[in-house]
Amino acid sequence: MGYTITEKILAAHTGKRSVVPGEFISAKLDLCLGNDITAPLAIKAFEEIGAKKVFDKTKIALIPDHFTPNKDLKSANQCKILSEFAHRHDIKFYFEVGRMGIEHALLPELGIVLPGDLVIGADSHTCTYGALGAFSTGVGSTDLAAAFATGRCWFRVPESMKFVYKGRLPKWTSGKDLILYTIGKIGVDGALYKAMEFGGYAIRTLDVDSRFSMCNMAIEAGAKSGIIEPDDITIEYIRERWKKAYAKSNRRKYTIYKSDGDARYAEVHEYDISRLEPQVSTPHLPSNSKDVGRLSKVAIDQVVIGSCTNGRLSDLEIAARVLKGKKVNSRVRTIVIPATQNIYIDALKLGYLEIFLDAGAIVSTPTCGPCLGGHMGILGAGEVAIATTNRNFKGRMGDLTSEVYLSNPAVAAASAIKGRIAHPAEVTA
Amino acid sequence: MKAKGKAHTFGDDVNTDEIIPARFLNTTDAKELASHCMEGIDSRFAQRVKSGDVIVAGKNFGCGSSREHAPFSIKSAGVSCVIAASFARIFYRNSINIGLPILESRQASKDIRQGDLLNIDFKKGEIINVTRNKRYVAQKFPEFMEKIISSGGLLQMVKKEYL
């Protein structure tokens, strides 16, 4: 009997030869992470149970990225809890503003998450790292507190769902469009409690940034995790990490797992995506995905390009390509947020930031900020935004009557120019 | 353990931004979080809810973010139990971990109306709708989760086993 990549990773971290869906396990963790919203609760709990020492100071990441740079006094005090705990316990992967980045872009960039790892994070988008062939999933602060103390976490082994994407991805589409399309097909609880495994020709030819966007949004279908089998593109990405001065010291061994040919899946979905249009999810659910062409009458007040879904270098590159030599519509506020300090520097050197600034956009230091209605771009009553983020729930970016449309960066950039939702082909030659 | 209270009903896919909007996440204070409970979907809920009351919702309750502030604000508001047709997974495990009683029952989720008086017996997984004279049996928890619940939450279990 065969096993999926997910079952193999979970078994390897449980000291068992195999695990089956439905089984409860206590697994050893390679990394656990928290941010300025979730870690303070975990730290409080950790201290309340009288724990004195963390299980391993090199396997904990604490990243103040949500309300940073500190947006108000309360946030400042939350972040202080993080930094004091990090220093007290000599936590290796604590990153201050200035070295910091959005957690799910930062950790892979620094080579801290590798294929075959088992990662939990007190942040729902922790599922992002599945793009590298790791099992990673979001948990709560109490789980994180327990992990700080024990280095373990309990799981119910998920059933897997296989998604096979056939055909070549058309121009102006990306991993974001694949995942919005998929969530549109199966719904916001279509993969509830399950592992989504992405494969097929379109995935095998997808760059790592796009794979991150896909796995990042597995949670928006209710999934426990999203995962892509590592291949040459994955290995090349990791090799590139190790060439960087900032990631070199994190070099370590990793294991590549692949699903067996006779692995069992709860469901298999096949999509021919060779004619896929860029997808836009209309308010107020990520599952409301539609072809961009059907929404060309929707006027917008704000554009956000960034987030753990789409704030990576290739996202900025395509947005810059669309905005080069153009001006943002006079009615529109355009906010570009490189996801990490290194992406910021690269985008600066490559001239993307100048293109954004010339176009009349602003460029912010890395932060989750507007995605969750935190700061740096809150919407007023009735305002409409198109964003490369991951959630468009009611009131997500601000006022309860405001609206968020989700898209890829090329569509967001084109929409910034037009002042309404637009296809990138409308503004490029 | 038993509970008794009035039902407050909600629809499908109630998300964590509705349960506790992100702008209130700059604190871990129970009282403050309780005062904003469900504010993203019903701005007067926190004032209306009485100790022991029950939230009854449709499918996929608690979808979205991992913020434990969501079940914590519900628990801190005095809600004795959340009944739903199904729960989003992180909300589900967070509730088990912090000891917010949750029950899964499609029938109860479908039947119960705003203001119905409910009697709940957690040990039996039984929900009695006093107003409508009906009885529902919730899905049983797996043994592993029963252990967390009976330990008084994940941290108490961890404390016993590891520390």
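All chains are named by letter (A, B, ...) in the order of the sequence lines, taking the proteins before the strands, and each is independently numbered beginning at 1. These numbers come from the heavy atoms of this one structure, side chains and all, not from hydrogens, waters or symmetry mates.
- When side chains are defined from C-beta on, A/Trp154 counts as touching B/Leu154, because their heavy atoms get closer than 4.5 Å.
- Atom CG of A/Asn35 is separated from atom OG of B/Ser66 by 7.0 Å, given to the nearest 0.5 angstrom.
- The CZ atom of B/Phe72 sits 6.5 Å away from atom CG of A/Leu41, with the distance rounded to the nearest 0.5 Å.
- Judged by distance alone, with hydrogens and angles left aside, the side-chain atoms of B/Asn94 form a donor-acceptor pair with the main-chain N or O of A/Gly140 at under 3.5 Å.
- At a threshold of 4.5 Å between non-hydrogen side-chain atoms, the residues A/Leu372 and B/Ser65 do not count as touching.
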Evaluate B/Ile90 against A/Ile219 for side-chain contact (heavy atoms from CB on, under 4.5 Å), listing each step before the verdict.
CA-CA 10 Å; B/Ile90 306 180; A/Ile219 177 70; 4.0 Å; yes
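- Summarising the local packing, CD of B/Gln139 is surrounded by 12 or fewer heavy atoms from other residues, nucleotides or ligands at distances under 6.0 Å.
- Residue-environment remark: CZ (A/Arg156) exceeds the threshold of 12 foreign heavy atoms within 6.0 Å.
- Of the two parts of B/Met145, only the side chain, counted from C-beta on, holds a non-hydrogen atom closer than 4.5 Å to a non-hydrogen atom of chain A.
- The CZ atom of B/Phe144 sits 9.5 Å away from atom CD1 of A/Ile25, with the distance rounded to the nearest 0.5 Å.
- For the atom pair NE2 (A/His284) and CG (B/Asn15), the distance works out to 10.5 Å, reported to the nearest 0.5 Å.
- Counting heavy atoms from C-beta on, the side chains of A/Val139 and B/Asn97 never come closer than 4.5 Å.
- Chain B forms the most heavy-atom pairs under 4.5 Å with one residue out of A/Thr38, A/Ile81, A/Asp123, and that residue is A/Asp123.
- Side-chain atoms of B/Glu68 and A/Thr142 form a donor-acceptor pair, as typed in the model, at a separation below 3.5 Å.
- Proximity to chain B is limited to the side chain of A/Leu285, based on heavy atoms less than 4.5 angstrom apart.
- Counting only heavy atoms from C-beta outward, the side chains of A/Phe393 and B/Asp13 never approach each other to under 4.5 Å.
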Test B/His69 against A/Ile37 for side-chain contact (heavy atoms from CB on, under 4.5 Å), laying out the working first.
CA-CA 9 Å; B/His69 312 65; A/Ile37 287 179; 3.6 Å; yes
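- If you measure heavy-atom distances from B/Ser86 to chain A, the contacts under 4.5 Å come from the side chain alone.
- Looking at heavy atoms from C-beta onward, B/Leu155 lies out of side-chain contact with A/Phe46 at the 4.5 angstrom threshold.
- Neither the backbone nor the side chain of A/Asn77 comes within less than 4.5 Å of any heavy atom of chain B.
- Contact check for A/Phe24 versus B/Glu143: no side-chain heavy atoms found under the 4.5 Å cut-off.
- Neither the backbone nor the side chain of A/Ser287 comes within contact range of chain B, judged by heavy atoms closer than 4.5 Å.
- Here the straight-line distance linking atom CG of A/Leu400 with atom CD of B/Glu18 works out to 8.5 Å at 0.5 Å rounding.
- For A/Lys71, the NZ atom sits in a packed shell: over 12 heavy atoms of surrounding residues, nucleotides or ligands are nearer than 6.0 Å.
- Residue B/Ile41: no heavy atom, backbone or side chain, is found under 4.5 Å from chain A.
- With 3.5 Å as the limit, one finds a donor-acceptor pair spanning the side chains of A/Thr137 and B/Arg89.
- Checked by atom type and distance alone, the side chain of A/Arg391 pairs as donor or acceptor with a backbone atom of B/Gly64 at under 3.5 Å.
- The contact between A/Ala223 and chain B is made entirely by backbone atoms, counting heavy-atom distances below 4.5 Å.
- The existence of a salt bridge linking B/Glu32 and A/Lys74 is confirmed by a sub-4.0 Å separation between a basic side-chain nitrogen and an acidic carboxylate oxygen.
- Heavy-atom pairs under 4.5 Å with chain A peak, among B/Arg23, B/Lys59, B/Gln156, at B/Lys59.
- With respect to B/Arg93 and A/Asp143, a salt bridge is recorded, a charged nitrogen being found less than 4.0 Å from a carboxylate O.
- The side-chain heavy atoms of B/Asp17 and A/Lys394, taken from C-beta on, include no pair separated by under 4.5 Å.
- A side-chain N or O of B/Thr28 and one of A/Lys44 form a donor-acceptor pair less than 3.5 Å apart.
- Between A/Tyr193 and B/Tyr92, the ring-plane angle classifies as perpendicular under the 30° and 60° cut-offs.
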